[in-house]
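So you know, we letter chains A, B, ... as the sequences are listed, proteins then strands, and number each from 1.
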Amino acid sequence: MSAVGVHWFRYGLRLHDNAPLLKAISSCSTLIPLYIIDTDYFTPSSCGINRMGFLLDSLKALDEDLREKGSKLFVAKGKPCDILRTIIQQNKVEILTFERDTEPYNRAMDESVFSMAESLKIDVSALWGHTMFDPEYLLGLNNGSAPLTMTSFQKLMYVTGHPPKPLDPPGKITPPPEGPLRCEGVHLFPNPPSLEDLNEFNFKQEDKTTWFVAGEKEAMKVMEKFFAQKRRTANFEKPKTSPTALEPDTTALSPYMSRGSLSSRLFYHRLKDTVKDFKNASKPPVSLQGQLYWREMAYLIGFSTPNFSQMKGNPICKQIPWQTGPDAKILLEKWESGQTGFPAVDAVMNQLKTEGWMHHLARHLVACFLTRGDLWVSWEMGRDVFDKHLVDADWSINNFSWHWLSCSAFFHQYFRCYSPIAFFKKTDPNGAYIKKHVPMLSKFPAKYIYEPWTAPKATQEACGCVIGRDYPKPMVDHSTVNKINMGKMKKAYDAAKPLDRGKKRETDGKDSPAKRKQSTLSNFSEKRINC
DNA sequence: TCCCGAGTTGAGCAA
DNA sequence: CTTGCTCAACTCGGG
């Protein structure tokens with residue numbers, strides 16, 4: 001028990017339900033709690049100020065929580081593997097603990113860390129903890145593959161039963177080394193850094209606009225405040241919540257879940273306890289428990305699907321000829337900067353920039369608009385924009401959702417399409433949400449708020465906003481371009497029809513020429529395989 | 001092999 | 001106001 005240990009925080013920025021941290025505490029006499037800002041993962045082009053600001057605030061909160069228990073957080077910047085090696089060698093570290101992760105980038109890093117630890121002959125404990133269940137356990141229960149529908153995922157959850165109970169936070173934490181940490185050549189911050197301390201990003205604290213308050217304690221507060229509304233918790237139905245509410249109509253816990261400031265197991269069991277007396281409580285997939293299932297499913301699919309973050313080489317992703325070149329870049333830029341000319345779309349994109357968060361259905365609207373609905377831009381490009389600005393940026397869930405919305409996987413009814421004009425009228429007929437996030441339009445009457453270009457010129461003048469001068473004209477004609485895109489979707493789907501249906505198609509004289517052509521090709525392929 | 005029902009969250013219209 | 005139907009158009013999975 002006289003060993004020096006390092007607990008490397010990545011996600012799992014919390015003290016409760018943190019198995020690798022508890023392991024470290026119980027097995028060493030000096031403990032270095034360490035976070036490394038990975039400068040390959042976070043770059044100025046991939047990470048915006050609100051996302052980074054929320055992360056840094058989470059680190060600051062974690063440092064304070066550690067200090068209350070006799071420890072502190074060391075924060076370094078650079079390449080995690082190099083930094084870990086230096087700190088391990090220079091401080092005679094014998095034990096390394098961290099939470100395992102499902103993202104390909106982090107898994108590759110885990111492998112390097114494992115082999116580095118082996119060569120340095122130190123003890124490593126890497127444990128799962130970001131999801132309710134170990135992903136390897138779930139895959140094992142399901143013949144080694146991830147369910148691709150919620151129905152089949154729910155069956156899997158029926159087999160597992162409840163997830164394990166969350167672990168209690170440690171009472172006391174093994175103290176850090178006395179005196180400064182030995183880490184020659186490592187960029188170690190004297191304290192958890194501020195935005196200004198990351199000089200390559202050129203961030204200014206006053207440009208951070210998200211209202212989310214970071215940290216484990218805040219996460220608990222937000223969660224308990226929501227669960228205190230027992231009926232609301234029990235009757236929660238996600239599709240019935242409002243994407244245009246000025247205050248989040250959902251729990252808004254996603255930023256804490258994504259950083260691991262809140263454990264999904266703790267949320268699960270607190271939820272179960274809260275709704276236990278309600279006979280007619282809502283059920284998955286629409287209930288709050290269902291929301292945890294969606295998260296778990298996205299993580300499992302992200303874990304087990306090759307090339308999940310791209311279309312090419314991704315076995316579950318429909319191959320669709322999206323625009324990706326310079327033309328797409330121009331469209332993407334208008335979309336990202338809230339200049340599409342559709343107030344609903346622009347409001348959501350502005351909320352993304354200012355708050356770093358939008359309601360799930362608002363994300364649907366703009367994702368559909370960018371891809372299959374209107375602009376026909378690759379979902380991967382939209383995914384990157386979300387990832388850059390969201391305070392709840394989450395690799396698995398973000399990729400999962402972009403598959404869904406672009407009808408690339410999981411959801412296939414491409415003829416069901418969100419209207420950038422009609423969709424928000426259901427929950428916000430007066431356009432209060434639009435007026436908040438596109439202030440230029442705040443004087444427009446409700447009648448024209450979703451289609452300001454249809455307002456008479458005199459009205460536009462009176463509202464102090466002339467369309468085409470002060471606010472853009474709509475960049476596409478939605479109903480025209482939408483019909484064209486559905487045709488393209490049909491073509492892409494036809495081209496992807498399974499080979500083994502060829503025979504039936506060949507004998508079916510009523511099939512379209514496109515289908516017949518496909519069937520001929522299919523039979524040909526089938527024969528070749530059989531030879 | 002084929003058929004059919006289900007699929008968290010569409011729009012537009014009629015009743 | 002809600003509910004139900006149609007719209008050209010889907011795939012998956014279970015029986």
Round to the nearest Å and state the distance from A:Y418 atom OH to B:dG10 atom C1'.
7 Å

Of the candidate nucleotides C:dC10, B:dT9, B:dT8, which contains the atom at the shortest distance from the side chain of A:Q291?
B:dT8

Please report the distance separating the P of B:dA6 from the corresponding atom of C:dG4, rounded so that it comes out in whole Å.
15 Å

With A:H403, the side-chain hydrogen bond (donor to acceptor under 3.5 Å, both in side chains) member among A:N398, A:N314, A:T305:
A:N314

Heavy atoms only, 4.0 Å cut-off, all strands: where does A:T241 land among base, sugar-phosphate and nothing?
nothing

Can you figure out which of C:dC12, C:dA9, B:dT9 approaches the side chain of A:F415 most closely?
C:dA9

Nearest to the side chain of A:R416, which nucleotide is it out of B:dT9, C:dC10, B:dA11?
B:dT9

Side-chain atoms of A:P285 come closest, of B:dT9, C:dC10, B:dT8, to B:dT8

What is the distance, rounded to the nearest whole Å, between atom CE of A:M358 and atom P of B:dT9?
19 Å

Ring centres of A:F342 and A:W453 under 6.0 Å apart?
yes

Are A:Y299 and A:D394 linked by a side-chain donor-acceptor pair shorter than 3.5 Å?
yes

Figure out the CD/P separation between A:Q154 and B:dG7, and round it to whole Å.
9 Å

Given A:T244, which of A:N430, A:D428, A:T427, A:D249 fulfils the side-chain hydrogen bond (donor to acceptor under 3.5 Å, both in side chains) condition?
A:T427

Give me the ring orientation class for A:H269 and A:H162: parallel if the planes are under 30° apart, tilted from 30 to 60°, perpendicular past 60°.
tilted

Between atom CG in A:D428 and atom P in B:dT9, what is the gap in whole Å?
22 Å

Nearest-nucleotide pick for A:Y414, side chain only, options being B:dT9, C:dC10, C:dG13:
C:dC10

For C:dA8 versus B:dT8, give the span between their C1' atoms, rounded off to a whole number of Å.
25 Å

Integer angstrom distance from the P of C:dA9 to that of B:dT1:
25 Å

With the side chain defined as heavy atoms from C-beta on, A:Y493 is closest, among C:dG13, B:dT9, C:dT11, to C:dT11

For A:F423, answer base if it contacts any base atom (sugar-phosphate contacts may also be present), sugar-phosphate if it contacts only those atoms, and nothing otherwise; contact means non-hydrogen atoms under 4.0 Å.
sugar-phosphate

From B:dT9, B:dA11, B:dT8, pick the nucleotide closest to the side chain of A:L361?
B:dT9

What nucleotide among C:dT11, B:dT8, C:dA8 has an atom nearest to a side-chain atom of A:K483?
C:dA8

Opposite nucleotide pairing with B:dT8, Watson-Crick or G-U, both atom distances under 3.5 Å
none

Under 4.0 Å: is that the gap between some side-chain N or O of A:K426 and OP1 or OP2 of B:dA11?
yes

Separation of atom NE2 in A:H412 from atom C1' in B:dG7, rounded to whole Å:
9 Å

Provide the distance between the two P atoms, one in B:dG5 and one in C:dC5, to the nearest whole Å.
14 Å

Taking atom C1' of C:dC7 as reference, at what distance in whole Å does atom CE of A:M489 sit?
17 Å

A:A422 has its side chain closest, among B:dG12, B:dG10, B:dG7, to B:dG12

Okay, side chain of A:D57, backbone of A:A214: is any donor-acceptor separation there less than 3.5 Å?
no

According to the Watson-Crick and G-U wobble definitions, with both distances under 3.5 Å, which nucleotide is paired to C:dG4?
B:dC13

Please state how far atom CE in A:M150 lies from atom C1' in C:dC12, giving the value in whole angstrom units.
15 Å

Taking CG from A:N482 and C1' from B:dG12, how many angstroms apart are they, rounded to a whole number?
13 Å

